[in-house]
Structures are given as structure tokens and as C-alpha cells.
There are 2 protein chains.
Amino acid sequence: MAKRVRPARIGISDVASKAGVSLATVSRVMNGNFRVDPEIAARVREAATELKYQPNPMGRNLARGKTDTIGVVVPDLGNPTFQGVLRGVSRAAAHDGYRVLIADSSEVSSEESILAGEARRRCDGVVLCAPRMSSSELEELAPSLHPLVLVNRTTDADDSPSVIVDYGQGIQDLAAHLSGLGHTRIAYVSGPESSASNALRLAGLEKFTRTNPHIELTILHSGSTFEDGYESAGDVVESGATGILAFNDLTAMGLLSSLNELGIKVPEDLSVTGFDDIPFARYTTPPLTTAAVPITAVGEHAWAQMRDLLNGTSTTESVEVFQPHVVSRGSTGAPASD
Amino acid sequence: MAKRVRPARIGISDVASKAGVSLATVSRVMNGNFRVDPEIAARVREAATELKYQPNPMGRNLARGKTDTIGVVVPDLGNPTFQGVLRGVSRAAAHDGYRVLIADSSEVSSEESILAGEARRRCDGVVLCAPRMSSSELEELAPSLHPLVLVNRTTDADDSPSVIVDYGQGIQDLAAHLSGLGHTRIAYVSGPESSASNALRLAGLEKFTRTNPHIELTILHSGSTFEDGYESAGDVVESGATGILAFNDLTAMGLLSSLNELGIKVPEDLSVTGFDDIPFARYTTPPLTTAAVPITAVGEHAWAQMRDLLNGTSTTESVEVFQPHVVSRGSTGAPASD
DNA sequence: AGATTTTGAGAAAGCGTTTTCTCAATCCCA
DNA sequence: TGGGATTGAGAAAACGCTTTCTCAAAATCT
């Protein structure tokens, strides 16, 4: 049998011999980090393009000890928030010649640490979105993930930078919006117990009620999905509140949907707010009043932090905070004057 | 100065010396592909866990010539369709121990080929979503991307498998739905000229009008985004059609939004359909009648094809086609009987 | 013109694994 | 019990690059 001609990925040595120089020289002109005679450089480049030489990233990675790739771990690729973060990171990173590896834990948070660790080993760093991970687990995990940037989390046991959204302030603004419209009985349809950003919202609300003692606040328990919102309608109605702060846009939309089926008018009977301003928040019926979060910017800044970390140009331990701003739309109005 | 203790990533050789065996043996027990004395294996494993040894993927990749990673190239990470594909691929791949590298061309299709090539070099294969790439460019590119699976594209110059959605049939079903409601003047707000799936829709409609000669079809030109839909309202009204087939849900929503502002009632004055059934299609006002596309399933099957390709278990050149099914919601109804 | 510095390219040593290739030890059966 | 088969582990050769290390040639200085 004829010896099978090897699949012929052309390598650096092919270019070297074609150009009549050594491997080292080819590498040098390809990476341009050392002075090399212009004429020889030209010859090498010509040989390279002629052979359509493309350096093999695996060899490069191993030799340089880096991959030009960062990992982004998210709990749910179906969630608009994480999609936004991912998009922001991916585009910003691409702009600097880096690629993004996805690690979607699909909400099984027990896998999150393992997934993150694996991503870290394959990449030069990781951007971690793990809103449900316990603080202790995070503290334990973080050091092994350096360089690491946290999204919507902070931890003081580790000096990794964070980029976070001020959910506490945002929910206060929303509550103030409702209060400003005349609502005094307000209910918060809270998110998952273990959610860090939910805790932030609760803290914000506590602050709000402290400074606005006339407000009667009820805390209802729910989750973070459309369905959770849908199912919370009963509790919401029962609460007697006229202004409803939903955990996020998804739950708000679920709630809206359910209220509509129950014949309860928004905003005439009940005012409802969301949180995040996901792309479709403006198209609900009625359009959703919400606190807009510039989520892709969060992703972009997460990359900026990562870049600084990788370049060693990182400023001292930084946490960047984004302020949501309330967008008043049709789902809120003055309470019924009964 | 004290010799800086090397950052001490522990490697296979550390395990080897700790267990008193050779590198080769450690590798063998870690990969379990060769018989090795149980007692020695135990010793190695113990040493490994004790040192928390984690094989370095770069070394592995180079030695094995594979990365356990596939690239997914999409034109726009902000588009729900590609998000869905990405999610499907990512989850299915993760299930088989593969990771996904994102390549978002951000709609600059001139970069698409380069991006795809780069992704291919870094990964074991690529899933390509490139609805706007010209056939000739695709044909030229495809061979260099093997193993490759195409999403919503086919090419006969290359034997790569495809998983596609039957947009032609879907739009016909939608047209039939409108026709069934009594509409005879129908307008299609078409997508980007260069879009392959738009061409499919056009072909489907042509077939539809051939078999339904009494239907008066107008083709309007638009694009694929919400804004495109919004801006098409004028043309739509001018067309005199009573049933509007929008390119996709996004444009349908934009159209809906604009029509609402113009005081045109849907579905009383105009019936509107979308395409895709993105997660929010059911929450528009009125809820959008559309052709549902099981988009994450498309992604999952794209992975399945890729897996077969990688395993060499690929059945002969296959193209898997998914049928959309129309979901009738509130945005369509009988035409006004003027 | 001889001594000294610069410049530039080749040789070779990694990078951390996997995978032959080898060969000693054990096993099996006549 | 001796010779051929197995079995199992170590040595060493890839994998495809980057980056020292070295050293000859060219350039600069006295």
C-alpha cells in the first residue's frame, strides 16, 4: 500500500526550509518581536503566505504558556442578563485579540466550581457570574481562579476586581418611583433566596423603609424566572399592595401575564415594576417600568478589568459599580383612589 | 536574592516522582487506556489527589492533537436565534465533555471567514452560522473548516452535514394561515437581501402564490432587526395588504410597535405574523402569531452531527431539517370586511 | 588596523503531555 | 523446565511552537 502522504498541515519548519532560514527566524518574523534583516523577513513572509502557513495555536499555547482565551462562566445561557454579559465580554475581548470559552453551568451550581476551575486551566483567566454561589464557596474558589474578575459579586477574601450593578440603589429608586406616584402599600416579589443580588435588593429596601416609615412593605417569596412571576400572582393580590416590585423583568412579565388572565388591570389596579430592562421589557403590555441595567457595558468592563489583570496594569483592587436608572413606562401609575 | 520558588504548578513529573513511577505510568493511569498494575495505579492516584494534580490542557492538546473544544461562529450574539443555537450546542457539547469557543462576527461578514478559520485552528471543529455569507465564499471556506457543520445553510460543494429549518415551508404555512382567515392581499416584509433564509422564504412564497393564484402578494424590502420592522410600517400600510408576513419575530415586533403608534389596530385592521417564536413573542401586544422554530434543538442536533463527525461515526452526508409549526396567537384574525 | 561593541541568525532547550519503542519479568503450555 | 507469549513499566521520541544561549559577522571606536 502506498505510504499515505501525511495530511500535510504545513508547519513552521516547512516555511523555514522554503525560505532557507532556521525555525527560530521564522518564529521571529511571525511574532515581530526581534530585529531581523528586512530582506530575510520579506523572504520568510513570502514563503509563509505562499504556503498559507498558519501557526498551530496548540504549539504556541504550550510554548508561551497562554492561550489568548478567557473563560466566562454563567449559570444560565438562556437568561438575558448573562447573555448580555457574555456578549459584552466577547466583543470587547475580541477587540483585543482574545477569544471566549463558554462555561454554562445550566443552573446546577454544584458543578460551578469544577466548571470554573476547568475553564481556568484552559484559559488565561475567568470571568465569573455566579450569583447563587455561597460566599464561603466563592472565597475558597477564587484564589485558584486568578486572574479572575467577578460580575455582580464581591469578596473581600480575595483581591479580584469586580464589576457590579448597584441593585440596592436601583430597587430604592424603583420604590421611590412607586412612592412618588402615591403608593404606600408596596410588595417585593423577591428572587431566589441564595441570590446575591436579591440580598442586595432586600438590603436596599430595608434602607428605603427606614427612611420612609409610612411605606408598608410586604416581602413575598418567588424566584427569578417568568414562571416564578406567573405563579406569584396569587400572593401578590393577597398582599393588598398596590405597587409591586418584581425581582426582575422576567418575573415581572410573568406576573403581568398572570394578572392579565385574572382580569386585574395594570397600572389601574396594580402597578408593577421589573428590573434589568431586558430588550423586550418595552414591548410588554403595558410596557414595563423597570430599572435599566447597562448589561453589555458590564461585560465590556469585566473584560477591561481582565485585560488589566493580564497585562499587569491593574490598578489596585477595584470594584466598578454601575448605577441602574429607572425607566418609567406604562406598567406603573397612581394607585386606585378607592 | 533568594531564588524565587517557581510558581509551582505541579505537573505530571511531580506526581511521578511522588509515586515512585515514571511519567508514562502516570499518564497511563490518568487516561486509563492501558493496563497497569492495580497497586501501582492506586499509588499514582493517591499521589495525584494528594498533590491535587490537574493535567495541563495545553500539553495535552499538543500531544493529542485535539482540544476537546469546538467553535461556534455566529453573526450576532444579540440575536435570539443565534443565542438559542449557541445554548443548544453548548449544553449538548458539555454533556459530551466538550467546550465551546465563541466567535461573534458582530455582523461584519467580511471577517467571518477569517474568524471561522481561526476558530477552526483553535478547536476540533466548527459549527457555522453564516446566513449572509455568499455561496461562493462558503464553498471556498468550507473545506478548510472540516469537521464542519452548517446551521441553516447547505452547500453541495462540500459534504459537511447541515441542520436546517424549513423556512420555505414555514412561511407557506403562515401564508396559508392568513389565507385561511380570509386574507387575499398579503405582503411579505422581506429580510436582508443576502440572507439565505430570506431566499428560502421567498421561494416558499413563490410556490404558495403559484398554488394559490387568487392571492395578491406584495414583496416589501426591509431587514432583520426590530428597527427594520419599525421603519417598514409606512410601506406596509401603503401596500394595501391586510395580512403581513414579517421576516421574523423581531421585525414583526418592530412593525407592531410602529402600527400601534400609528393607531392601526392589530388584528382588526391588519394581521401580522412573525417567524421563530422567540421567547418573548407570546408577550407582545397582541401576542404574536408566528412559526415556531425549535432553535435550541437545532443547536443540539448541530452538536450531535459534530460529535459523529469527530468520532468518525458520521452517517453519509446528512442534512437534518426541522419543520416550524405555526402558533396562532392574537396578532392575526379575519380581515376587516370593508 | 586592532580591540570592542552590536547585530542577527542558527542550535538547542524547553513547554507538559501522550505514545511509541524497548526490554525485563512473569506466565503458559508442552 | 525451558522457550515462546504476555504483561507492565521505563526511556525516549514526538507534538509545534517560543526563547534562551551561542557565536560569527558586521559595525564602531581608539
Side-chain angles (χ1 to χ4, degrees), chain A residues 3 6-48 51-69 97 118 120-124, chain B residues 3-4 6-45 47-48 51-69 97 118 120-124:
Chain A
K3 183 159 68 169
R6 80 119 100 116
R9 243 207 69 80
I10 55 119
I12 201 172
S13 60
D14 300 298
V15 180
S17 62
K18 169 146 191 150
V21 299
S22 74
L23 307 197
T25 302
V26 176
S27 172
R28 286 195 273 255
V29 354
M30 298 308 287
N31 296 290
N33 45 11
F34 208 80
R35 292 199 55 65
V36 35
D37 185 298
E39 198 207 325
I40 294 188
R43 214 165 68 225
V44 170
R45 256 185 283 272
E46 188 185 351
L51 294 172
K52 294 197 204 311
Y53 169 66
Q54 309 273 179
N56 174 323
M58 300 182 205
R60 264 186 125 230
N61 290 346
L62 184 56
R64 304 192 317 158
K66 58 182 306 231
T67 61
D68 295 340
T69 300
E118 215 223 78
R120 175 60 186 86
R121 249 167 286 129
R122 284 181 139 76
C123 301
D124 299 347
Chain B
K3 182 156 74 170
R4 195 155 95 68
R6 78 118 101 118
R9 244 208 68 80
I10 54 118
I12 202 171
S13 60
D14 300 296
V15 179
S17 62
K18 169 145 190 148
V21 299
S22 74
L23 307 197
T25 302
V26 176
S27 172
R28 286 194 273 254
V29 354
M30 297 308 287
N31 296 290
N33 45 12
F34 209 80
R35 293 200 55 67
V36 37
D37 186 297
E39 199 206 325
I40 294 187
R43 215 163 69 225
V44 170
R45 255 185 285 271
L51 293 172
K52 295 198 205 311
Y53 169 68
Q54 308 273 178
N56 174 323
M58 301 182 204
R60 258 181 134 235
N61 290 346
L62 184 57
R64 304 192 315 159
K66 59 183 304 235
T67 62
D68 295 339
T69 300
E118 215 222 78
R120 175 60 186 87
R121 252 168 284 129
R122 284 180 140 75
C123 301
D124 299 346

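As the structure is a computational prediction, the values presented were derived from the model and not from experiment. The sequence lines fix the lettering, A, B, ..., with proteins before strands; numbering per chain opens at 1.
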Discussion item. When you compare the side chain of B:S27 with that of B:I12, does any pair of heavy atoms fall below 4.5 Å?
Written reply: yes
Practice prompt. For side chain to side chain donor-acceptor pair (under 3.5 Å), just list the numbers for A:R60 and A:N31, CA-CA rounded to whole Å, side-chain angles, deciding distance to a tenth of an Å, and then say yes or no.
Written response: CA-CA 11 Å; A:R60 264 186 125 230; A:N31 296 290; 2.7 Å; yes
Response to the item:
One should read off an interatomic distance between B:K18 NZ and B:S13 OG, to the nearest 0.5 angstrom, of 13.5 Å
Response to the item:
Under a 4.0 Å heavy-atom criterion, the protein footprint on nucleotides 5-10 of chain D, written with B, S and -, is ---SBB
Response to the item:
For B:R122 and A:T69, the nearest pair of non-hydrogen atoms, with its separation, is NE-OG1, 3.8 Å
Worksheet item: Are any of B:Y53's side-chain N or O atoms less than 4.0 Å away from OP1 or OP2 of C:dG16?
Response: no
Worksheet, complete the sentence: Separation of D:dC17 atom C1' from B:R122 atom CZ, nearest Å, is 14 Å
Discussion item. For a 4.5 angstrom cut-off between non-hydrogen side-chain atoms, does B:T67 reach A:M58?
Written reply: yes
Fill in: Interatomic distance, A:I12 CD1 vs D:dA14 P [rounded to whole Å]
18 Å
Worksheet item: For C:dC15, does either OP1 or OP2 sit under 4.0 Å from a side-chain N or O belonging to B:N56?
Response: no
Worksheet item: Nearest 0.5 Å, what's the CD1-CZ distance between B:I40 and B:R43?
Response: 5.5 Å
Which protein N or O atoms sit under 3.5 Å from an N or O of nucleotides 24-28 of chain D?
none

Practice prompt. Could you grab the distance from atom CZ of A:R9 to atom CG of A:D14, nearest 0.5 Å is fine?
Written response: 9.5 Å
Item to complete: Grab the CD1-C1' distance between B:I10 and C:dC15 for me, whole Å please.
Response: 16 Å
Worksheet item: How about B:N61 and A:N61: do any of their side-chain heavy atoms sit closer than 4.5 Å?
Response: no
Worksheet item: Do any side-chain nitrogens or oxygens of A:R60 fall under 4.0 Å of OP1 or OP2 in D:dT18?
Response: yes
Discussion item. Expressed as a whole number of angstroms, how long is the span from A:R64:CZ to C:dC15:C1'?
Written reply: 13 Å
Item to complete: Calculate the interatomic distance between A:N61 atom CG and D:dC17 atom C1'; express it in whole Å.
Response: 10 Å
Fill in: A:N31 side-chain N/O to D:dT18 phosphate OP1/OP2 under 4.0 Å
yes
Discussion item. Heavy atoms from C-beta onward define the side chain here; which of D:dT18, C:dT18, D:dG16 lies closest to that of A:L62?
Written reply: D:dG16
Worksheet item: Rounded to the nearest Å, what distance is computed from the CZ atom of residue A:R9 to the C1' atom of nucleotide D:dC15?
Response: 12 Å
Fill in: Pair A:D124 + A:R120, salt bridge at N-O below 4.0 Å
no
